[in-house]
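Shown next, in structure tokens, is the structure this report addresses.
Just so it is clear, the structure is predicted and the values come from calculations on it, not from any experiment. In the text below, chain A, chain B and the rest are named by the order of the sequence lines, each starting its count at 1.
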There are 2 protein chains.
Amino acid sequence: MRRSPTDVPLKLWVVLARAFDAVERHSRASIARFQLGTTEFGVLEVLYHKGELPVCEVQRRILVESSSTTYVVDKLVQRGLVRRRASGSDRRVTLLALTPAGRQLIARIFPPHAAAMRRAVGALPARQQAAALRLLRALGTGAAERLTAKEADHDHD
Amino acid sequence: MRRSPTDVPLKLWVVLARAFDAVERHSRASIARFQLGTTEFGVLEVLYHKGELPVCEVQRRILVESSSTTYVVDKLVQRGLVRRRASGSDRRVTLLALTPAGRQLIARIFPPHAAAMRRAVGALPARQQAAALRLLRALGTGAAERLTAKEADHDHD
DNA sequence: AGAAATTGTCTCGAAATCGAGATACTTGAT
DNA sequence: ATCAAGTATCTCGATTTCGAGACAATTTCT
């Protein structure tokens with residue numbers, strides 16, 4: 001339990017947070033050019049690439065809580081970029097899709113944003129990007145599994 | 001400029017965000033056990049490990065904006081965990097330090113939190129943790145440099 | 001079929017975070 | 001010595017995000 005001078009797990013967490021922060025600043029700045037917040041952009045982007053989706057599916061992909069998702073979607077609907085529609089098969093779910101205006105907007109701004117993000121991570125050579133991709137994928141899914149496992153613990157105690 | 005079916009940089013950004021989110025949930029949950037927010041914990045932790053520091057130094061390490069730092073420090077001062085003190089050498093700066101109560105608190109809760117974070121990233125074997133550490137460090141500093149470079153661009157145009 | 005647990009969405013109030021800018025001090029250039 | 005630019009901290013108002021929980025619909029279990 002004692003912390004050695006090089007406690008790799010703890011450092012990994014710090015460095016992960018710093019890397020995320022630095023790259024996210026690129027993302028924020030890039031998206032701000034288009035008068036959008038990152039979460040709003042996230043909704044538009046996922047609908048653009050995946051097509052019509054239930055709210056809960058969008059929520060999982062943009063990594064915010066459900067109440068925040070409702071809030072952001074409200075704004076996008078008011079702006080006429082997204083529309084809601086009841087699902088036929090499951091009457092709990094609301095399906096989200098881009099309006100023509102929304103599609104036009106995201107089609108226009110996605111490419112320059114993608115370019116900004118390529119630049120943001122571009123300090124890492126391609127080979128190392130691929131390595132980081134693999135490691136982060138394993139780290140993320142591993143951590144996520146351990147989260148749901150812990151929740152299960154709580155449930156039966 | 002066209003997006004190939006495997007656009008590594010873009011995927012890297014997505015996977016980075018997901019990994020950060022998953023690990024951060026562990027952190028949040030662990031810290032919530034002690035009735036603290038992550039930012040409050042961050043302040044206590046940095047003061048615990050680095051000793052008395054100027055506000056701006058703390059700010060840089062906890063990765064929030066200066067106005068948020070003031071807000072969080074206010075709360076910690078009100079709770080009697082941190083104290084402010086004017087610097088002798090530079091009259092702009094306020095130095096922050098733990099009170100005895102603050103030191104006692106963080107000394108008690110840091111070890112179990114560290115253990116939780118080791119578990120959070122523990123799905124990755126030690127060797128891969130070390131590799132991820134190196135790659136993320138390079139990614140983070142690279143992205144940060146490109147940020148300040150871009151700011152400089154804006155300044156002279 | 002009926003009860004219990006789960007899931008999907010939303011409401012509401014509270015908390016965290018930001019951004020712009022005010023103020024005071026320091027540093028660097030001329 | 002003065003002035004411009006930069007830095008440190010804080011204030012204030014607005015925005016974003018969360019958390020708890022309400023409610024309806026679905027699924028699972030018996």
Side-chain angles (χ1 to χ4, degrees), chain A residues 17 20-21 24-25 27-29 31-33 35-43 52-79 82-97 148 151-152 154-156, chain B residues 17 20-21 24-25 27-29 31-33 35-43 52-79 82-97 148 151-152 154-156:
Chain A
F20 173 76
D21 181 72
E24 208 219 2
R25 282 175 198 275
S27 175
R28 272 186 193 292
I31 291 170
R33 293 181 293 175
Q35 328 293 339
L36 286 172
T38 50
T39 314
E40 294 170 314
F41 181 89
V43 173
E52 187 168 51
L53 286 177
V55 172
C56 62
E57 199 58 43
V58 171
Q59 186 217 323
R60 277 181 203 107
R61 293 175 194 264
I62 64 176
L63 303 174
V64 300
E65 297 305 313
S66 70
S67 52
S68 308
T69 308
T70 299
Y71 169 76
V72 178
V73 169
D74 278 351
K75 286 200 306 183
L76 292 171
V77 169
Q78 278 162 21
R79 287 216 234 171
V82 167
R83 80 170 155 64
R84 281 190 240 245
R85 177 170 84 86
S87 159
S89 53
D90 184 335
R91 289 197 300 178
R92 292 168 304 180
V93 338
T94 303
L95 296 172
L96 301 178
T148 60
E151 279 165 19
H154 278 241
D155 289 351
H156 66 58
Chain B
F20 173 77
D21 181 72
E24 207 219 3
R25 282 175 198 274
S27 175
R28 274 187 192 290
I31 292 170
R33 293 181 293 176
Q35 327 292 339
L36 287 172
T38 49
T39 314
E40 295 170 313
F41 181 89
V43 173
E52 188 168 49
L53 286 178
V55 172
C56 62
E57 199 57 43
V58 171
Q59 186 216 324
R60 275 180 205 109
R61 292 176 195 263
I62 64 176
L63 304 174
V64 301
E65 296 306 313
S66 70
S67 53
S68 307
T69 308
T70 300
Y71 170 76
V72 179
V73 170
D74 278 352
K75 288 199 306 184
L76 292 171
V77 170
Q78 279 162 21
R79 287 216 233 171
V82 166
R83 81 171 154 62
R84 282 189 240 246
R85 177 171 84 87
S87 159
S89 52
D90 185 334
R91 290 198 299 179
R92 291 169 303 180
V93 339
T94 302
L95 296 171
L96 300 178
T148 61
E151 279 164 19
H154 278 241
D155 288 352
H156 66 61

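Backbone-only engagement by T94(B) is indicated by non-hydrogen atom pairs under 4.0 Å involving sugar-phosphate atoms exclusively. Among the heavy atoms of the strands lying under 4.0 Å from R84(B) are primed sugar atoms or P, OP1, OP2 only; no base atom is included.
Taking both residues in full, the closest heavy atoms of P54(B) and V93(B) are given as CB-CG2, 4.3 Å, listed atom of the first, atom of the second, then distance. Nearest heavy atom pair, residue D90(A) against residue S87(A), reads N-OG, 3.2 Å.
To the nearest angstrom, P of dA16(C) lies 14 Å from CD of E24(B). Per the geometry, CG belonging to D90(A) stands 17 Å off P belonging to dT6(C), to the nearest Å. Atom CZ of R91(B) and atom P of dT9(D) are 15 Å apart (whole Å). Protein atom CD of E40(B) is 10 Å distant from nucleotide atom C1' of dA16(C), rounded to whole Å. In this structure, CG of L95(B) is placed 19 Å from P of dT7(D), rounded to the nearest angstrom. Remark: C1' of dA14(D) and CD of E65(B) are 15 Å apart, rounded to the nearest angstrom. The nearest whole Å value for the distance from the CD atom in Q35(B) to the P atom in dA16(C) is 13 Å. Regarding D21(A), its CG atom lies at a distance of 9 Å from the P atom of dC18(C), rounded to whole Å.
Proximity of S68(A) to the phosphate of dT17(D): no side-chain N or O atom is located under 4.0 Å from OP1 or OP2. Residue T39(B) places no side-chain N or O under 4.0 Å from the OP1 or OP2 atom of dA16(C). Side-chain nitrogen and oxygen atoms of K75(B) include none within less than 4.0 Å of the OP1 or OP2 phosphate oxygen of dA15(C).
Heavy-atom distances to DNA chain C give each of Y71(B) and Y71(A) a nearest nucleotide, and the one nearer the 5′ end belongs to Y71(A).
Across residues 54-64 of chain A, V64(A) each have a non-hydrogen atom less than 4.0 Å from an atom of DNA chain D (numbered order).
Among the nucleotides dC10(C), dT17(C), dG6(D), the one closest to the side chain of R92(B) is dG6(D). Side-chain proximity of V93(B) to the nucleotides dC10(C), dC10(D), dT9(D) is greatest for dT9(D). Distance from the side chain of S67(A) is smallest for dC12(C) among the nucleotides dC12(C), dT15(D), dA20(C). Looking at the side chain of V72(B), the nearest of the listed nucleotides dT17(C), dC10(C), dT16(D) is dT17(C).
Atom OG1 of T39(B) sits about 8.0 Å away from atom NZ of K75(B), to the nearest 0.5 Å. In this structure, OG1 on T94(B) lies 12.5 Å from CG on L53(B), to the nearest 0.5 angstrom. L63(B) contributes atom CG, which lies 10.5 Å from atom OG1 of T38(B) (distance to the nearest 0.5 angstrom). How far OG1 of T69(B) is from CZ of R60(B): 10.5 Å, rounded to the nearest 0.5 Å. Between the CD atom of E40(A) and the CD1 atom of I62(A) there is a distance of 10.0 Å, given to the nearest 0.5 Å. One distance of note links CG of L96(B) with CD of E52(B); it measures 8.0 Å at 0.5 Å rounding.
Below the 3.5 angstrom threshold, one finds a donor paired with an acceptor across the side chain of S66(B) and the base of dC10(D).
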